[in-house]
Engineer: 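Sharing a structure, written as structure tokens. Questions coming.
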Amino acid sequence: MAARAWLWSLCASLLALALAPPASANSEGDALYTLRRSLSDPDNILQSWDPTLVNPCTWFHITCDQNNRVTRVDLGNSNLSGHLVPELGKLERLQYLELYKNNIEGTIPSELSKLKSLISLDLYSNNITGTIPRSLGKLKSLVFL
């Protein structure tokens with residue numbers, strides 16, 4: 001009888017593990033929510049960015065691939081102000097970071113050089129200061145800067 005209970009408990013634990021979302025989905029949501037907290041959003045563009053959801057793929061202005069990994073952040077011309085955060089470097093599958101025509105200030109975090117799939121980094125018409133990190137030059141996929 002005790003063996004059956006133990007086996008049942010083991011099966012339930014394995015099922016829970018199998019159904020759990022990948023850790024990357026939560027870390028990507030955390031990274032994006034860190035960006036949200038660093039930005040002023042007077043037009044409530046980011047109101048759907050709810051950190052309690054399993055992953056950010058249901059958030060407006062976010063696109064994900066079939067594995068629920070973030071591939072696009074489309075926040076151009078959104079009247080946002082604030083600064084970029086190093087946590088964006090955790091979006092390992094990100095291809096497009098569109099933040100043009102906002103009031104974003106400060107420097108470009110060097111952590112963006114971890115985005116090996118990045119094709120487009122659109123930051124024009126912001127208040128970015130400092131130099132472009134040299135490490136961005138090593139991104140082989142980057143076509144638009």
Side-chain angles (χ1 to χ4, degrees), residues 6-145:
W6 178 83
L7 186 57
W8 177 251
S9 176
L10 178 64
C11 288
S13 297
L14 289 174
L15 181 61
L17 261 172
L19 295 177
S24 61
N26 292 331
S27 65
E28 290 184 340
D30 292 346
L32 289 168
Y33 196 70
T34 300
L35 175 64
R36 177 186 178 187
R37 289 193 325 262
S38 78
L39 298 173
S40 174
D41 178 23
D43 299 334
N44 290 317
I45 298 295
L46 306 175
Q47 68 184 358
S48 71
W49 289 29
D50 180 352
T52 64
L53 297 176
V54 172
N55 65 53
C57 298
T58 59
W59 299 357
F60 293 144
H61 312 288
I62 299 297
T63 304
C64 294
D65 63 17
Q66 66 274 16
N67 297 314
N68 290 328
R69 302 294 300 273
V70 175
T71 58
R72 287 186 77 104
V73 176
D74 290 302
L75 293 170
N77 200 23
S78 296
N79 196 28
L80 301 171
S81 59
H83 63 276
L84 299 174
V85 295
E87 287 82 358
L88 289 172
K90 295 179 181 176
L91 303 175
E92 295 174 351
R93 303 268 174 88
L94 190 67
Q95 296 175 339
Y96 298 89
L97 183 56
E98 308 294 326
L99 293 166
Y100 57 87
K101 292 186 181 178
N102 283 293
N103 295 303
I104 296 172
E105 303 175 323
T107 60
I108 299 171
S110 61
E111 288 81 359
L112 295 186
S113 64
K114 295 177 183 175
L115 303 174
K116 303 299 181 197
S117 300
L118 194 65
I119 296 169
S120 177
L121 177 59
D122 281 339
L123 299 172
Y124 69 87
S125 293
N126 278 290
N127 297 310
I128 302 293
T129 56
T131 59
I132 297 171
R134 286 184 157 279
S135 54
L136 287 180
K138 295 179 182 175
L139 294 176
K140 293 179 168 72
S141 298
L142 189 61
V143 178
F144 302 103
L145 177 61

Engineer: Going by the disulfide (SG to SG under 2.5 Å) test, which pairs reach into residues 89-145, not counting sequence neighbours?
Structural biologist: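 Applying disulfide (SG to SG under 2.5 Å) to every pair that reaches into residues 89-145, excluding sequence neighbours, yields nothing.
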Engineer: Just verifying a value: how many Å separate Arg69 CZ and Glu28 CD, rounded to the nearest 0.5 Å?
Structural biologist: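 Answer rounded to 0.5 Å: 4.5 Å.
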Engineer: When you look at Asn79 and Ile45, which way does the side chain to side chain contact (heavy atoms under 4.5 Å, CB included) test go after all the steps?
Structural biologist: CA-CA 9 Å; Asn79 196 28; Ile45 298 295; over 6 Å; no
Engineer: About how many Å separate NE2 of His61 and CG of Leu32, when rounded to the nearest 0.5 Å?
Structural biologist: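 One finds 12.5 Å between CG of Leu32 and NE2 of His61.
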Engineer: Quick one: side chain to side chain contact (heavy atoms under 4.5 Å, CB included) partners of Asn44, sequence neighbours excluded?
Structural biologist: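 Checked Asn44 against side chain to side chain contact (heavy atoms under 4.5 Å, CB included); matches are Gln47.
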Engineer: Please collect all salt bridge (Lys or Arg N to Asp or Glu O under 4.0 Å) contacts where either partner lies in residues 43-57, sequence neighbours excluded, each pair once.
Structural biologist: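 Every pair satisfying salt bridge (Lys or Arg N to Asp or Glu O under 4.0 Å) with a residue in residues 43-57: there are none.
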Engineer: Which residue pairs pass the disulfide (SG to SG under 2.5 Å) test with at least one member in residues 54-145, sequence neighbours excluded?
Structural biologist: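 Qualifying pairs: Cys57-Cys64.
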Engineer: Of all the heavy-atom pairs spanning Leu84 and Leu35, show the shortest one and how long it is.
Structural biologist: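 That would be CA-CD1, 4.5 Å.
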Engineer: Just to verify, what does Asn77 make a side-chain hydrogen bond (donor to acceptor under 3.5 Å, both in side chains) with, not counting sequence neighbours?
Structural biologist: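 Listed in chain order: nothing, the list is empty.
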Engineer: Sequence neighbours excluded, which residues qualify as side-chain hydrogen bond (donor to acceptor under 3.5 Å, both in side chains) partners of Ser113?
Structural biologist: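 Per chain and number, Ser113 pairs via side-chain hydrogen bond (donor to acceptor under 3.5 Å, both in side chains) with Ser135.
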Engineer: Asp41 side chain to Leu46 main-chain N or O, any donor-acceptor pair under 3.5 Å?
Structural biologist: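 A pair under 3.5 Å: yes.
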Engineer: Does some side-chain heavy atom of Asp122 sit less than 4.5 Å from a side-chain heavy atom of Leu97?
Structural biologist: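 Leu97 vs Asp122: side chains apart.
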Engineer: Once rounded to the nearest 0.5 Å, what's the spacing between atom OG1 of Thr58 and atom CG of Leu53?
Structural biologist: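 Interatomic distance, Thr58 OG1 to Leu53 CG, rounded to 0.5 Å: 4.5 Å.
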Engineer: Going by heavy atoms in the side chains, are Glu105 and Ser81 under 4.5 Å from each other?
Structural biologist: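 Glu105 vs Ser81: side chains apart.
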Engineer: Scan for disulfide (SG to SG under 2.5 Å) pairs involving residues 98-145, sequence neighbours excluded, and state none if there are none.
Structural biologist: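 Residue pairs passing disulfide (SG to SG under 2.5 Å), neighbours aside: none found.
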Engineer: Mind checking what makes side chain to side chain contact (heavy atoms under 4.5 Å, CB included) contact with Glu111, not counting sequence neighbours?
Structural biologist: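 By the side chain to side chain contact (heavy atoms under 4.5 Å, CB included) rule, Glu111 matches Pro86, Pro109, Lys114.
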Engineer: Any non-hydrogen side-chain atom of Asn67 less than 4.5 Å from a side-chain atom of Arg93?
Structural biologist: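 The answer is yes, as the side chains (C-beta and beyond) meet within the 4.5 Å cut-off.
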Engineer: Using the disulfide (SG to SG under 2.5 Å) rule, collect all pairs that involve residues 102-145, keeping only residues at least two apart or in two chains.
Structural biologist: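 As it turns out, there is no disulfide (SG to SG under 2.5 Å) pair with a partner in residues 102-145 once direct neighbours are skipped.
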Engineer: For a 4.5 angstrom cut-off between non-hydrogen side-chain atoms, does Leu139 reach Lys116?
Structural biologist: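 Yes, close enough: below the 4.5 Å cut-off.
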Engineer: Identify the heavy atoms of Val70 and Pro56 that sit nearest to each other, and give their distance.
Structural biologist: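 Closest approach of Val70 to Pro56, heavy atoms only: CG2-CG, 3.7 Å.
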Engineer: Going by the rule side chain to side chain contact (heavy atoms under 4.5 Å, CB included), which residues pair with Ser48 if we only count those two or more places apart in sequence or in a different chain?
Structural biologist: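 Side chain to side chain contact (heavy atoms under 4.5 Å, CB included) check on Ser48 returns Trp59, Phe60.
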Engineer: How long is the straight-line distance from CG of Leu118 back to NZ of Lys140, given to the nearest 0.5 Å?
Structural biologist: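 These two atoms lie 14.5 Å from each other.
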Engineer: Once side-chain hydrogen bond (donor to acceptor under 3.5 Å, both in side chains) is applied, do any residues pair with Asp74, and if so which ones, sequence neighbours excluded?
Structural biologist: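 With neighbours one apart ignored, the set is Arg72.
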Engineer: Please check: side-chain N/O of Ser117 versus main-chain N/O of Gln95, any donor-acceptor pairing under 3.5 Å?
Structural biologist: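 A pair under 3.5 Å: no.
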Engineer: Drop me the distance from Ile119's CD1 to Leu142's CG, to the nearest 0.5 angstrom.
Structural biologist: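 If I round to the nearest 0.5 Å, the distance is 9.0 Å.
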Engineer: Is there a side-chain contact between Tyr96 and Thr71 (heavy atoms, below 4.5 Å)?
Structural biologist: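 No. Closest side-chain heavy atoms not under 4.5 Å.
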Engineer: Donor-acceptor pair, Glu87 side chain versus Thr34 backbone, under 3.5 Å?
Structural biologist: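 Here the side-chain-to-backbone pair does not exist.
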Engineer: Taking only distance into account, with no hydrogens and no angle test, what donor-acceptor pairs under 3.5 Å do side-chain atoms of residues 125-134 form with protein atoms, sequence neighbours excluded?
Structural biologist:
from	atom 1	to	atom 2	distance (Å)
Asn126	OD1	Asn102	N	3.3
Asn126	OD1	Asn103	N	3.4
Asn126	OD1	Ile104	N	2.9
Asn126	ND2	Leu99	O	2.9
Asn126	ND2	Leu123	O	2.9
Asn126	ND2	Tyr124	O	3.4
Thr129	OG1	Gly106	O	3.4

